[in-house]
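Data first, discussion second: the structure below is written as structure tokens.
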Amino acid sequence: GKLDYQNMTHALAQAQRGASGPVILAREPWTAFWPEAEALMRVHRAEVDPEGVARAPFSINTELGQMLSDAGAMPIWTARAQGSIVAYLVWNLGPSLDSQSLLATQGPWFVAPDRRASSIGIRLYKRALSDLREMGVERALLHHWALGGGERLGKFFERLGGTPLEVTYS
């Protein structure tokens, strides 16, 4: 069925109410990320795909997530406040067939609704890009959904030096 975005957002806000203090940005393994991130990931999915256009049910392949993380092929960055995840950014790493270099493809990037007025999301993204360069990534492919406010991210990517390359259909 359709995800109840409003109730999930309210539950997250209740859980994070009063959260203050420093926000810690870090790269984390799958085991530190999952299953804690599930509630945020459900809100994310409901927000970017409110009508079910993606045509796929929300179902995280936890075994694959663990394998990719263990292999170093899926680095995950989080922002934590008082120990709880308030933002995350996942990348997929692999070789580029056409340039013989390491390529990073952006996966899910989400900031809890009550944290969006801050710079957490931008700081997390820039931190991940910096770390990816240190890991030997020569090219990063950035993306955003066309629904749920994602279209505003194109301007952010362009300010980072990105160039629109393709349009993806589902």
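FYI, side chains are in, hydrogens and waters are out, and symmetry mates aren't considered; it's all heavy atoms of this structure. We're numbering straight along the sequence, starting at 1. Everything numeric in this text was worked out from a predicted model, so none of it was measured.
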Under the side chain to side chain contact (heavy atoms under 4.5 Å, CB included) rule, what do L160 and Y125 come out as? Steps first, then yes or no, please. CA-CA 10 Å; L160 290 175; Y125 209 93; 3.9 Å; yes
For W30 and V90: C-alpha separation, side-chain torsions, deciding distance, then whether side chain to side chain contact (heavy atoms under 4.5 Å, CB included) applies. CA-CA 10 Å; W30 178 260; V90 179; over 6 Å; no
Hey, mind stepping through K155 and R159 against side chain to side chain contact (heavy atoms under 4.5 Å, CB included) and telling me if it holds? CA-CA 6 Å; K155 296 295 180 195; R159 286 194 307 272; 4.0 Å; yes
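Atoms NZ and CG, from K126 and L89 in turn, are 13.5 Å apart once rounded to the nearest 0.5 Å. The distance from the CZ atom of F33 to the OG1 atom of T62 is 12.5 Å, given to the nearest 0.5 Å. Separating the CD1 atom in I85 from the CD1 atom in I24 is a distance of 13.5 Å, to the nearest 0.5 Å. We find the CG-NE2 distance between D49 and H44 to be 10.0 Å, quoted to the nearest 0.5 Å. Between the CG atom of L141 and the OG1 atom of T105 there is a distance of 4.5 Å, given to the nearest 0.5 Å. The distance from the CG atom of N61 to the CG atom of L68 is 8.5 Å, given to the nearest 0.5 Å.
E134 and R27 are not joined by a salt bridge, as no carboxylate oxygen comes within less than 4.0 angstrom of a charged side-chain nitrogen.
When every heavy atom of A32 is checked against every heavy atom of R80, the shortest pair comes out as O-NH2, 3.0 Å. Contact record, E47 with P113: OE1-CG, 4.4 Å, taken as the closest heavy-atom pair. Summarising the geometry of G107 relative to H143, their closest heavy-atom pair is O-NE2, 3.7 Å, with the distance given to 0.1 Å. Residue A87 comes nearest to L40 through the heavy atom pair N-CD1, 4.3 Å, listed as atom of the first residue, atom of the second, then distance. Nearest heavy-atom pair, S84 versus E36, reported as atom, atom and distance to 0.1 Å: CA-OE2, 3.4 Å.
Linking ILVMFWY side-chain heavy atoms closer than 4.5 Å, directly or via other members, places W109 and I120 in a single hydrophobic cluster.
Under the side chain to side chain donor-acceptor pair (under 3.5 Å) criterion, T31 pairs with no residue, sequence neighbours left out. Not counting sequence neighbours, the partners of L102 by the side-chain contact (heavy atoms from CB on, under 4.5 Å) test are L93, V137. Applying the side-chain contact (heavy atoms from CB on, under 4.5 Å) rule to S99 yields the partners S96, S101, R139; only residues at least two apart in sequence or on another chain are considered. Scanning for side chain to side chain donor-acceptor pair (under 3.5 Å) contacts around R133 gives an empty result, with sequence neighbours left out. For E138, there are no side chain to side chain donor-acceptor pair (under 3.5 Å) partners at least two apart in sequence or on another chain.
With hydrogens and angles disregarded, a donor-acceptor distance shorter than 3.5 Å links the side chain of R127 to the backbone of L25.
Evaluation of the side-chain hydrogen bond (donor to acceptor under 3.5 Å, both in side chains) test over residues 69-79, restricted to residues two or more places apart or in two chains, returns E28-T78, Q66-D70, W77-D131.
Ring-plane geometry between F110 and Y88 is classed as tilted, the angle between the planes lying from 30 to 60 degrees on a 0 to 90 degree scale.
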